[in-house]
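Have a look at the structure below before the remarks.
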Amino acid sequence: MKLWEKKGHSSLNDLVEKFNVGKDYIYDSKLAVYDVKGTIAHVKMLNKIGVLNDEDTIKVLSELEFLEKKFEKEPPALKIEDEDIHTYIENYLVSRLGDLGKKIHTGRSRNDQVLTALRLYEKDKLGKIIESIDNLLKELISLSKKLKESKVPLIGYTHSRQAMPMTASFWVESLIEAIEDSRNIIRNSCSVIDKNPLGSAAGYGFPLSLDRDYTRELLGFKGILVNSLYAQNTRGKYESLVVDSLSYLIGDIVRFVNDIIFFSSSEVGFLRLSSSITTGSSIMPHKKNPDVFEIIRAKSKIFFTYSLELKNITFSLTSGYSRDLQETKYLVMDALEEAHEIIDVFRVAIGGIEFDSEKVFKVMDKSIFSVDVAVEVMKKYGLSFRDAYRVVGEIIIELTNTSTDELLKKYESMPLEREIVEWFSKDTKELFYYFVSKRTQEGYPKL
Ligand code: ARG
């Protein structure tokens, strides 16, 4: 039976019913445990303010506690006719307890019920996501340590062109710092949404003195959404905030994924991907493709649209609940599930990358040491950086079509120019390790 069914309201058209229910009968199944938790708190509060006596409260709670355990093990499979999880649970209680089951909706609307269940779900899911982020960070920290110990080289790019030397550990550390930052953004969003919406009813409170602080305490919320209308207006806004906060982390991951795809491409080859994370081709026997990274890349693009869609739906409405908001549930739940999956898959995929230092040195163009050489001669000859920059730049241009031997001869009696040519006649590896260790020893921004 629908909660709103009554005499005089002729039965709903089947097509309209199915359309209105939307995907609730699928998504609400995941909210079942949280809806029961919200109901337990509500029932305890009704007992505290004298709406339910002790005997009735014990009966209702034992049914609800049974449901909580049951749904924890196996979420219920809802049918379209069940409409939503709130109806499903109330109908169950009425079927078990008769008139007593009808009392529990006192002071409550499905509008604050769904908000409560959603916020509990979101807090739980964000907690699990943060655990996954911590595990990803552990993996990255141990990778960067290993890379530092074996001094794995890499090339730094700007505009997709070789720019300056960097190390593989420096590259990984850039992701570690990014993720730590994004984890803070997620934690902040989690703390903003940590407020009790229960008791706001349909958006305009209820003419009974509901103890909203008591349900806050029982449900473990940090604060209360005080104004009932605002409580309703947070639907969609808070969901967008949570998804937005996750999008920065997804952005960090996908930038790195793009690096991995580029660094592991046939022509570049700084990285190799192990068989456990690559996929073959059905026609080309030699292929080992980075599908997992490509799928993360595509999913991130879809991910970025979620918070936009949430804002589009939410901020096109007038104050108070509108059924449009039901659609926001699917967006936020999909986003949380997908973010979680991306983080875990990325952690596993990171474990399958191997570095090829020899390939890096083979591809490395010595001109990436231009800044380091310019600084060397700037200090030694007391030049401005601009003048040192110019001489080094001019010599690099000359080196593109003149041999070092010829240039050494040409600059025999010009010590500054000769010294620059000497720098570039050194071995690539020697230059790399010299300048990288110099940076480390002299306390400059490390590589
Ligand atoms: N399924 C609805 C949602 O997710 C529950 C609230 C229904 N409220 C209502 N007034 N029809 O928004």
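Everything numeric here is computed off the predicted structure, so don't read it as measured data. One-based numbering, in listed order, for ligands and for the atoms of each.
Residues passing the side-chain contact (heavy atoms from CB on, under 4.5 Å) test with Gln441, sequence neighbours excluded: Ser437. Considering only residues two or more places apart in sequence or on other chains, Val345 meets the side-chain contact (heavy atoms from CB on, under 4.5 Å) condition with Val292, Ile296, Glu341.
In this model, no donor atom of one side chain and acceptor atom of the other lie less than 3.5 Å apart for Gln113 and Arg110.
Sorted by first and then second residue, the pairs that involve residues 350-366 and meet salt bridge (charged side-chain N to carboxylate O under 4.0 Å, His left out), not counting sequence neighbours, are Arg272-Glu354, Arg272-Asp356, Glu358-Lys429.
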Under a 3.5 Å threshold, I'd like every N/O contact between ligand 1 and protein atoms, with atom names and distance.
from, atom 1, to, atom 2, distance (Å)
ligand 1, 1 (N), Asp24, OD2, 2.5
ligand 1, 1 (N), Gln326, OE1, 2.9
ligand 1, 4 (O), Arg235, NH2, 3.1
ligand 1, 4 (O), Lys329, NZ, 3.0
ligand 1, 8 (N), Asn111, OD1, 2.9
ligand 1, 10 (N), Asn111, OD1, 3.2
ligand 1, 12 (O), Arg235, NH1, 2.9
ligand 1, 12 (O), Arg235, NH2, 3.4
ligand 1, 12 (O), Tyr321, OH, 2.5

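Checked options Asn196, Asp124, Asp194, Thr234; the residue passing with Arg119 is Thr234 (criterion: side chain to side chain donor-acceptor pair (under 3.5 Å)).
A donor-acceptor contact shorter than 3.5 Å is absent between the side chain of Asp82 and the backbone of Asp84.
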